[in-house]
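First up is the structure itself, then whatever we jot down about it.
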Amino acid sequence: MDLVRPRRGLPRELADWVLADVTGRGWAWRHLLRALVQLAPVLVLCLVAVPVPLEYRLAACGGGVLLGLLFSAAYMTETSEHRAVKAGWPPGTTRRVREADAERRAVERGARYRRDGAGSYD
């Protein structure tokens with residue numbers, strides 16, 4: 001696939017790394033961890049600066065984490081696609097890479113049990 005000209009962000013030589021980051025194994029967990037890192041300053045501010053009892057601050061932080069992760073998970077594929085496009089990849093690349101990877105893993109899973117008719121009752 002050819003890279004399109006990136007609009008802004010990381011240098012072009014890191015485009016392959018971005019694509020691997022948003023499509024590789026564990027990409028969803030990395031996405032949620034990234035959301036937690038982005039929420040952390042607000043949570044710390046809520047815990048430290050709000051003048052209410054600790055129980056209320058902890059409940060507010062818990063609710064904030066829950067809602068933040070819920071919204072982050074809801075837009076996970078769109079956000080990762082946006083990151084790839086920002087790095088210079090054409091739109092739709094992440095979906096194609098994930099589908100090809102899922103197909104490859106399905107073939108490998110099936111091949112593990114059925115080599116040259118071994119173990120087959122056909």
Side-chain angles (χ1 to χ4, degrees):
M1 290 180 240
D2 292 331
L3 290 174
V4 294
R5 184 173 174 254
R7 293 182 289 174
R8 60 189 181 274
L10 295 174
R12 183 182 219 75
E13 54 269 6
L14 293 176
D16 290 335
W17 176 82
V18 172
L19 186 64
D21 185 54
V22 297
T23 60
R25 188 179 184 125
W27 73 272
W29 292 111
R30 283 191 303 277
H31 176 84
L32 293 175
L33 182 63
R34 189 176 294 112
L36 283 175
V37 168
Q38 292 173 349
L39 283 170
V42 176
L43 297 175
V44 169
L45 188 64
C46 180
L47 282 174
V48 173
V50 179
V52 296
L54 180 63
E55 297 83 23
Y56 296 138
R57 290 181 279 170
L58 289 174
C61 288
V65 166
L66 183 66
L67 283 174
L69 290 179
L70 180 71
F71 278 100
S72 183
Y75 295 104
M76 191 179 306
T77 54
E78 291 86 355
T79 303
S80 63
E81 179 71 28
H82 176 71
R83 289 183 62 219
V85 169
K86 229 169 101 170
W89 293 99
T93 301
T94 58
R95 181 184 47 80
R96 286 190 297 273
V97 169
R98 285 189 198 116
E99 286 174 355
D101 189 45
E103 185 177 331
R104 180 191 50 80
R105 279 187 276 128
V107 167
E108 287 176 358
R109 230 183 353 261
R112 190 178 322 162
Y113 302 107
R114 300 185 138 246
R115 281 202 187 107
D116 301 324
S120 172
Y121 292 105
D122 295 337

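- Through side-chain heavy atoms spaced under 4.5 Å, either directly or across other Ile, Leu, Val, Met, Phe, Trp or Tyr residues, Val44 is tied to Val48.
- With sequence neighbours left out, the side chain to side chain contact (heavy atoms under 4.5 Å, CB included) criterion links Thr23 to Leu19, Thr94, Val97, Arg98.
- The closest side-chain heavy-atom distance from Leu47 to Leu58 is below 4.5 Å.
- Put simply, Val52 and Leu54 are part of two different groups of oily side chains (I, L, V, M, F, W, Y) that touch within less than 4.5 Å, one to the next.
- By the rule that hydrophobic residues join a cluster once side-chain heavy atoms approach within less than 4.5 Å of another member, Trp27 and Trp89 end up as members of separate clusters.
- For Ser80 against Val22, the heavy-atom pair with the smallest separation is CB-CB, 3.8 Å.
- The stretch residues 39-64 participates, sequence neighbours left out, in no side-chain hydrogen bond (donor to acceptor under 3.5 Å, both in side chains) pair at all.
- Listed by first then second residue, pairs satisfying salt bridge (charged side-chain N to carboxylate O under 4.0 Å, His left out) with a partner in residues 32-48 read Asp21-Arg34, not counting sequence neighbours.
- Taking Arg25 as the reference, nothing meets the salt bridge (charged side-chain N to carboxylate O under 4.0 Å, His left out) condition, with sequence neighbours excluded.
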Output a table of donor-acceptor pairs, distance under 3.5 Å, between side-chain atoms of residues 59-79 and any protein atom two or more places apart or on a different chain; print 'none' if there are none.
{"residue": "Ser72", "atom": "OG", "partner": "His31", "partner atom": "NE2", "Å": "2.9"}
{"residue": "Thr79", "atom": "OG1", "partner": "Tyr75", "partner atom": "O", "Å": "2.7"}

